[in-house]
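Written out below as structure tokens is the structure these notes cover.
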Amino acid sequence: MEIVYLLGIMNPYDAFAPPRIAMLGSFPPQAQGVQDYCGELGEALGARTELHAIGFRAMYPARIFPGVKANDDPSKAPMRAARLTVQHPLAWYWPPGWITAALRARGDLFHLQWWSLPLFPVAFVFLMVMKLRRLPVVVTVHNVLPHEGGKNFVRLSRLLCRLADHVIVHSEANRAQLIRHYDLPKARTSRVPIGVNRPEHPPLPRAEACAKLGLPPDRRYLLSFGIIRKYKGIKDLIVAFGQIAQDHPDTDLIIAGKPWVDWAPYAEAIRARGLEGRVHTVLDYIPDDEVAHYFSVADLVVLPYTHFDAQSAVGAVALPFGKPLIVSRVGSLPDWVGGASNWIVPPEDPTALAARLAQFCDNREAETTGFAPLARRVMDDFDWGRIADQHIAIYRATLAAH
């Protein structure tokens, strides 16, 4: 019986019980990948059904992931839920371990979190083993199109999606892209948004957070947070800030995150506008236990992306801290502000961004107060409990159709 079940020939799934799930992804305390998303989803699912979460002890070669020196962040809290099992057996350099882990994955259904081209070999091996075991497969595609070039990403993503029984994306725009670029029937796709993170470390009093970051407490701060990549629009933000800096002498800009691009052009943009004392940079990976410092200090979080096809995890972090967001009209970024047009600016338009930043700075208290009910509605819509329930409904339907 053990061998029969291992191969999936006899599936003991009870249609009246929540389906048991095996999931491949990046899970805390990992510091790489979509670990915050997988951690929140994993805990919400683990409170409702049995979840076997399978992560990595070594996910990327160091040369292709410049953002983090180590696989794990020791400040990240371990995942906890009543019916959750988390293991980190996988290493990018050891294919026999991938096969072993795939054969040992426990569940009625397998769920793959897919976001990064270097992980394709691992993902493909898992899907082939699941086909051998005759287990249905759900794939969440975090990036329907690559952030920066990469035709191979689309080709290989299309292959994984065609091996799946059902595919999840994070917005209706992503769903339309998926159907168009991957030639999938709409019935095999669903939209389930990214949820709003619960801060592992609570907000600090503003003066204390400023002290920890070495920032003057009498200033007001705009914040750009996260890995620095070309599409993040940080150059546009520097230009826009340069346009308002003189008229708002009490306001500075913080840029915090590890550069994945040459920082020299950004540094030159800062120097050319005489902003050296007004732009505070922390060009490194921000450990989990320091994230709260930045969001406790910030008055406004700015996501001026030039292009983007998904939801930014920065929005999921900012809202629970009660911070207003200005986002560009690309991808699913407007979801974080409930589609409210006064919090959305056109991409690659520093002048329009500068005008909106100036409006915020001129009416800071009223703008922050006005954003609060919008944030509460978005956080309610993107509650992880609701998102877990949507996943379970998809799992049930996929099992029933398998």
Side-chain angles (χ1 to χ4, degrees), residues 2-15 17-27 30 33-35 37-39 41-46 48-56 59 79 81 83-90 95-116 119-142 156-169 178 182 184 188-190 192 387-388 390-402:
E2 179 66 26
I3 294 175
V4 169
Y5 175 63
L6 179 64
L7 293 176
I9 296 171
M10 175 178 280
N11 186 349
Y13 168 62
D14 178 353
R20 299 168 301 172
I21 308 303
M23 182 182 293
L24 172 63
S26 57
F27 300 94
Q30 285 182 240
V34 289
Q35 70 283 355
Y37 171 91
C38 290
L41 176 61
E43 289 189 343
L45 286 171
R48 290 160 169 77
T49 188
E50 292 183 26
L51 175 65
H52 181 194
I54 305 162
F56 292 78
M59 191 162 69
M79 295 170 63
R83 304 171 69 184
L84 170 67
T85 301
V86 186
Q87 296 175 320
H88 293 87
L90 304 177
W98 313 344
I99 298 171
T100 300
L103 287 170
R104 292 177 176 174
R106 303 187 303 275
D108 306 308
L109 177 146
F110 175 70
H111 189 165
L112 167 67
Q113 302 290 338
W114 168 243
W115 72 93
S116 175
L119 296 179
F120 174 79
V122 185
F124 185 73
V125 165
F126 265 79
L127 262 58
M128 289 297 96
V129 172
M130 297 310 156
K131 291 297 180 182
L132 173 67
R133 293 179 58 180
R134 302 183 188 175
L135 291 184
V137 171
V138 172
V139 174
T140 293
V141 178
H142 291 268
L156 297 179
S157 296
R158 184 183 295 118
L159 173 59
L160 294 181
C161 290
R162 289 179 177 176
L163 290 171
D165 296 275
H166 202 84
V167 181
I168 295 172
V169 291
L178 188 80
Y182 294 0
L184 292 176
R188 284 179 51 203
T189 67
S190 294
V192 182
I387 289 168
Q390 292 176 54
H391 277 82
I392 289 174
I394 291 168
Y395 299 152
R396 288 185 183 277
T398 303
L399 280 159
H402 187 66

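A heavy-atom distance below 4.5 Å is found between the side chains of L163 and M128. Using a 4.5 Å heavy-atom cutoff, the side chains of L45 and I21 are not in contact. Between L24 and L90 the shortest side-chain heavy-atom distance falls below 4.5 Å. Contact check for T49 versus Y395: no side-chain heavy atoms found under the 4.5 Å cut-off. A heavy-atom distance below 4.5 Å is not found between the side chains of T189 and V169. Taking 4.5 Å as the limit, some side-chain heavy atom of L127 sits within range of a side-chain heavy atom of F110. In this structure, the side chains of F56 and L119 come closer than 4.5 Å at one or more pairs of heavy atoms. No side-chain heavy atom of I168 sits under 4.5 Å from any side-chain heavy atom of Q390.
Here the closest heavy-atom approach between residue H111 and residue T140 is recorded as NE2-OG1, 2.7 Å. A pairwise comparison of heavy atoms in G46 and A81 identifies C-CB, 3.6 Å as the closest pair. Across all their heavy atoms, P136 and L399 have their closest contact at CG-CD2, 3.5 Å. Taking all atoms of both residues into account, the shortest heavy-atom contact from A44 to R48 is O-NH1, 2.9 Å. Annotation for V139 and L160: closest pair CG2-O, 4.3 Å, computed over non-hydrogen atoms. Here the closest non-hydrogen pair linking F120 and L159 is CZ-CD2, 3.8 Å.
Rounding to the nearest 0.5 Å places CZ of R162 at 9.0 Å from CZ of R188. Within the model, atoms CD1 of I394 and OG of S190 stand 4.0 Å from one another, a figure rounded to the nearest 0.5 Å. To the nearest 0.5 Å, atom CD of residue Q35 and atom CE of residue M59 are 7.0 Å apart. The line from CE of M23 to OG1 of T85 is 13.0 Å long, rounded to the nearest 0.5 Å. Taken from CE in M79 to SG in C38, the straight-line distance is 8.0 Å, to the nearest 0.5 Å.
The backbone N or O of V138 lies less than 3.5 Å from no partner atom in the side chain of D165, so there is not a single donor-acceptor pair. No donor-acceptor distance shorter than 3.5 angstrom exists from the side chain of R106 to the backbone of E50, with no hydrogens or angles considered. Put simply, the side chain of R396 never gets that close to the backbone of P19: no donor and acceptor are under 3.5 Å apart. Within the 3.5 Å criterion, the main-chain N or O of R20 finds no donor-acceptor partner in the side chain of R83. No donor-acceptor pair under 3.5 Å is formed between the side chain of H402 and the backbone N or O of V137.
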